Amino acid sequence: MKNNPWRYGILLTLLIFILWVFNLFVGSVKIPPLEVCNLLLGGQPERTSWAFILWESRFPQSVAALCCGMALAASGLMLQTAFNNPLAGPSILGINTGASLGVALVMLLGGGTLGAGVFSLTGFFSVVLAAFLGAAVVMGLILLLSTFIKSSLMLLIVGIMIGYVASSAIALLNFWATAEGVHSYLIWGMGNFGGVSLAQLPLFVGITFLGLLVSLLLIKPLNALLLGPRYAENLGINIRKVRNLLLLATGLLVAITTAFCGPIAFIGLAVPHLARLMLGTSNHNSLLPITILMGAVIALLCNLICVLPGEAGLIPLNAVTPLIGAPVIIYVIVNQRKIQYFN
Amino acid sequence: MKKEKLIISADDLSIGYRVSSHRQKLVHSHLDFQLYRGELTCLLGANGTGKSTLLRTLAASQPPLSGMLFLAGKLLSTYNERELSRMIGVVLTDKTQAGGLSVYDLVALGRQPHTGFFGRLQSSDHAAIEKAIADVCIVHKAHHYVAELSDGERQKALIAKALVQECPLILLDEPTAFLDVVSRIEVMNLLHTLAHTQQKAILLSTHDVEQALVLADKLWLFSEEEGLQCGVTEDLILSGAMNHLFGGESVLFDTQHGTYYPLVGGRKLIRLRASDDLLQHWTINALNRQGYNCLLGEENSQNDQSLRGECPLLTVRSSQELILSNGEQIHRCYSFKELLSILPEATL
């Protein structure tokens with residue numbers, strides 16, 4: 001109870017910095033550490049390819065990982081509070097899949113590959129917009145159903161069903177798409193923080209931080225929502241407005257990450273639990289910032305694991321995140337009687 | 001004087017739900033009532049009579065179907081959310097997700113109507129929170145998790161949350177459900193004290209008739225037949241209003257002791273003479289359970305006369321001396337255990 005959130009904040013920030021540096025030094029192509037230092041300090045590269053790899057691949061990839069981790073963790077926490085269910089998350093409720101459907105529509109029906117689509121600015125926006133619309137439609141649908149379905153467990157199952165429906169729509173789209181489109185969609189679906197190019201990075205970071213800002217502005221109503229919607233209403237919270245803002249922030253955060261890095265599982269679900277276990281409180285004043293930082297740590301760690309095989313190639317991101325996320329969820333469920341925030 | 005204390009008044013109010021734009025489900029109509037500060041009011045009624053609907057209407061969570069509802073002299077519908085949050089505090093039966101908060105954090109949520117955009121607590125807020133935690137006597141639990149509290153303590157924490165909202169009116173939906181006897185009495189006593197010392201208007205729905213009759217300044221009796229009957233507890237009891245609260249024939253109100261008791265099937269008659277009220281009460285209790293209806297005392301009404309001759313007579317001198325006479329037979333019993341074991345055969 002006496003855990004100081006500032007101490008954890010500083011610790012996590014340090015950890016983020018260390019992991020981020022590691023992400024710059026380690027990659028599929030071996031670049032001598034001294035050379036990386038030299039390049040980072042603005043020195044002349046020994047080989048131009050190394051400079052290209054560092055600035056065009058590793059740097060944007062590590063920043064994207066950092067942003068995605070923050071975005072997914074924050075949206076996971078917001079969903080868990082909004083739905084009064086500690087097992088809610090963007091991937092469980094089908095919001096990820098909704099965003100995927102949006103992306104699939106643009107990628108597969110647009111005829112081209114993701115790569116071709118996002119090199120132009122309009123392509124960038126159309127993919128993000130489609131993902132946002134897909135995520136928002138699914139979340140709006142679930143919010144609408146949540147007014148009829150009072151049991152949060154039932155709602156969770158409905159979310160999973162909606163996810164399946166979106167998945168089958170994607171499968172049907174795949175059926176009519178070109179082989180090239182299917183292939184690039186498949187690769188995208190495995191998840192990869194490398195999907196953001198240096199040129200797209202500022203916009204990517206900008207939209208992420210916009211979503212995170214909205215989530216930070218919602219701390220007060222999120223705390224009230226811990227007591228459930230009727231108590232929150234009595235505390236002067238405009239439920240409809242807050243729900244719309246939650247929809248906007250979560251949709252934005254999930255859409256931007258899904259559009260570029262694929263439907264990343266488990267980070268949104270597991271990280272809020274890690275943060276709560278560490279802090280020992282559900283108070284969003286400290287929980288939300290710590291969750292955001294923790295999300296960055298976990299995502300950077302996952303990205304590091306992905307590039308570990310070195311020259312042998314990349315491990316798909318969605319093969320790594322469950323390895324970290326699933327044990328956390330199982331631990332939390334097994335110990336739910338001992339863990340305060342479940343009761 | 002009375003006028004200043006009036007917090008809620010309703011005039012020909014109809015409550016219920018709007019099913020669609022044309023259809024509505026009416027729960028009750030023509031309700032008139034007033035609620036005053038400094039009084040604990042208990043809302044009693046069977047399940048399904050609309051107690052929760054009434055509370056929700058008063059809390060402005062759902063609009064009345066028709067009629068006028070005034071809060072502190074202004075129409076309730078003219079208040080905005082923030083104004084309402086400073087006028088009405090609620091304690092509900094909803095499941096919360098607050099187990100991971102400390103009691104202090106939970107009570108602090110009640111300050112939200114008074115804090116700024118980010119909900120930062122000023123020193124005055126902290127003072128209010130500490131006072132409320134002390135008022136509900138859970139200071140020793142202030143830094144425990146809500147999940148670690150007993151049901152009674154959790155209810156007290158939620159009452160403290162309503163207190164720091166600094167509302168003149170507090171509505172509670174069955175605050176003593178799920179509580180054990182001691183917690184139930186503590187919570188009711190606490191609410192009674194708060195109503196009187198802090199001049200709050202407190203309205204709570206409950207099934208705990210016993211405590212309500214002891215501590216409620218006013219009773220609201222809600223039933224389908226009689227609608228809403230409001231009044232000072234004793235006036236209502238002595239006017240017989242309690243008898244009609246629960247429609248059924250098999251549940252009777254014992255005006256003397258302020259409790260409801262069931263009529264067990266199989267009405268056999270027995271005459272009873274007991275040397276004091278205490279013995280009489282518990283003997284009736286025991287015999288009712290065995291399916292006997294007791295005829296009391298010496299004075300007989302004429303139409304009972306014929307029955308009495310054939311009835312067995314039970315004379316209770318003390319709990320160790322119970323004498324049952326049936327015609328020629330006389331049984332002396334030395335405990336209720338003994339009496340109940342011979343009763344079926346002895347009264348044949």
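Keep in mind that the numbers below use all heavy atoms, side chains included, and drop hydrogens, waters and symmetry copies. What you see is a predicted model, and the numbers here were worked out from it, not measured in a lab. In what follows, every chain begins at residue 1, and chains take the letters A, B, ... in the order their sequences are listed.
- At a 4.5 Å heavy-atom cutoff, B:L84 makes no contact with chain A through either its backbone or its side chain.
- Judged by distance alone, the side chains of B:Q112 and A:N223 never bring a donor and an acceptor atom under 3.5 Å apart.
- For the 3.5 Å distance criterion, the side chains of B:Y17 and B:R56 qualify, holding a donor opposite an acceptor.
- With a 4.5 angstrom heavy-atom cutoff, A:L218 does not touch chain B via any of its atoms.
- Ranked by heavy-atom pairs under 4.5 Å with chain B, the first of A:T81, A:I219, A:N238 is A:N238.
- Just one residue in the list B:E166, B:Q165, B:H126 forms a side chain to side chain donor-acceptor pair (under 3.5 Å) with B:R111, and that residue is B:E166.
- Only the side chain of B:E148 comes within contact range of chain A, judged by heavy atoms closer than 4.5 Å.
- Here the straight-line distance linking atom CZ of B:R184 with atom CG of B:D151 works out to 12.0 Å at 0.5 Å rounding.
- At a 4.5 Å heavy-atom cutoff, the contact between A:L235 and chain B is made by backbone and side-chain atoms alike.
- If you take CG on B:L54 and CZ on B:F222, they are separated by 5.0 Å, rounding to the nearest 0.5 Å.
- Using a 30° and 60° split on the angle between ring planes, B:W220 and B:F33 fall in the tilted class, from 30° to 60°.
- Options A:L226, A:L217, A:N234, A:I237 differ in how many heavy-atom pairs under 4.5 Å they form with chain B, and the most are formed by A:N234.
- Between chain B and the options A:A224, A:G228, A:A232, A:P229, heavy-atom pairs under 4.5 Å are most frequent for A:A224.
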